[in-house]
There are 2 protein chains.
Amino acid sequence: MAAAAPSSLDRTFHALSDPARRAMVERLSRGPATVSELAAPLAMSLPAVVQHLAVLRESGLVASEKVGRVRTCRIEAAELSLAEQWFNQRRAEWEERADRLGEYLKKFPDGEPK
Amino acid sequence: MAAAAPSSLDRTFHALSDPARRAMVERLSRGPATVSELAAPLAMSLPAVVQHLAVLRESGLVASEKVGRVRTCRIEAAELSLAEQWFNQRRAEWEERADRLGEYLKKFPDGEPK
């Protein structure tokens, strides 16, 4: 349980703590998009969008490729999946504990061994 | 896709972007713990631990209760589950897209309609 070195999860969760960046990830989960397409529904300047994209790229959640003057972004599903797995593990532990507690209470309905 | 007002997910992902706070959530997923028990494996001062706990409580991920001089913390599984669902939705969209792409390529192996 010792605090780990700054990890990919630090950057992923930091990236996802902003609603505009989550909106971009939501959009890209449905398919690649250009920077302008990502910017269109967001109420912010293009430089602000580019800065958010930089955070998403550094986190590994988004990759992008420039062809001519157009930069196209896509989701990195593997990175998203790593973060999802962190939650899956917590839930598995939580449910295992709830099961153990249930078994215990079935055995000792008063909450403690006689 | 417009940027939403600061939400529970903002706070949850911000809380989880720190390895010490994730370590606390990992510990609490396995069952309640006192503040001292949470602090024991972490290489930091008790005030630092208390500050991290405050962030976790504000995010709604952790609840705590003080009995006498002992504060006991527990995980709020519902809040953890909300964040997990966000990832589940992204993956569902991603997989749906991958399926549609697969169907398309089966129909048009050259990548475009004749």
Side-chain angles (χ1 to χ4, degrees), chain A residues 1-7 9-33 37-44 48-49 52 59 61 74-77 80-98 100-101, chain B residues 1-7 9-33 37-44 48-49 52 59 61 74-77 80-98 100-101:
Chain A
M1 178 174 157
S7 77
L9 281 179
D10 294 9
R11 287 190 296 268
T12 294
F13 288 135
H14 168 67
L16 295 176
S17 69
D18 181 275
R21 291 196 292 264
R22 281 203 306 282
M24 292 177 182
V25 169
E26 289 165 13
R27 168 61 188 81
L28 294 174
S29 297
R30 298 193 289 272
E37 285 167 345
L38 284 176
L42 295 171
M44 57 177 68
V49 169
H52 279 311
S59 75
L61 284 170
R74 59 180 171 75
I75 201 81
E76 286 283 11
L80 211 53
S81 175
L82 275 183
E84 188 183 20
Q85 279 165 37
W86 187 86
F87 285 98
N88 294 163
Q89 284 161 10
R90 301 294 79 71
R91 190 163 46 80
E93 285 169 345
W94 165 262
E95 286 176 353
E96 193 190 311
R97 188 187 125 75
R100 280 203 315 269
L101 207 60
Chain B
M1 176 173 157
S7 77
L9 280 179
D10 294 9
R11 287 190 297 268
T12 294
F13 288 135
H14 168 68
L16 296 176
S17 69
D18 180 275
R21 290 196 292 264
R22 281 203 306 283
M24 291 177 183
V25 170
E26 289 165 14
R27 168 62 189 81
L28 293 175
S29 298
R30 297 193 289 273
E37 284 167 346
L38 284 176
L42 295 171
M44 57 178 67
V49 169
H52 280 311
S59 75
L61 284 170
R74 60 178 171 75
I75 201 80
E76 286 282 13
L80 211 53
S81 175
L82 275 182
E84 187 182 21
Q85 279 166 37
W86 187 86
F87 285 98
N88 294 163
Q89 284 160 10
R90 301 294 80 70
R91 190 162 47 80
E93 284 169 346
W94 165 263
E95 287 176 353
E96 192 190 311
R97 189 189 124 76
R100 279 202 316 269
L101 207 61

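Keep in mind it's a predicted model, so treat the numbers as computed, not measured. Order of the sequence lines fixes the chain letters, A, B, ..., with proteins taken first and strands second; residue numbering starts at 1 for each chain. These values consider heavy atoms only, across backbone and side chains, with no hydrogens, waters or symmetry-generated copies.
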Ranking A:Glu84, A:Arg100, A:Glu96, A:His14 by heavy-atom pairs under 4.5 Å to chain B gives rank one to A:Glu84
When the 4.5 angstrom heavy-atom criterion is applied to A:Arg91 and chain B, the contacting part is side chain
Interface check, chain B: of A:Asp18, A:Thr12, A:Leu80, most non-hydrogen pairs under 4.5 Å belong to A:Leu80
message = Is any side-chain heavy atom of A:Phe87 closer than 4.5 Å to one of B:Val25?
response = no
By side-chain hydrogen bond (donor to acceptor under 3.5 Å, both in side chains), A:Trp94 pairs with (sequence neighbours left out) none
Check whether the side chains of B:Arg22 and A:Ser7 place a donor and an acceptor atom closer than 3.5 Å, and report yes or no. yes
Salt bridge present between A:Glu76 and A:Arg74 (N-O < 4.0 angstrom): yes
Note: vs chain B, highest number of non-hydrogen pairs under 4.5 angstrom among A:Arg90, A:Glu93, A:Arg97 is A:Arg90
Residue set satisfying side-chain hydrogen bond (donor to acceptor under 3.5 Å, both in side chains) with B:Gln89, at least two apart, ordered chain then number -> none
Note: vs chain A, highest number of non-hydrogen pairs under 4.5 angstrom among B:Ser81, B:Pro32, B:Ala98, B:Ala92 is B:Pro32
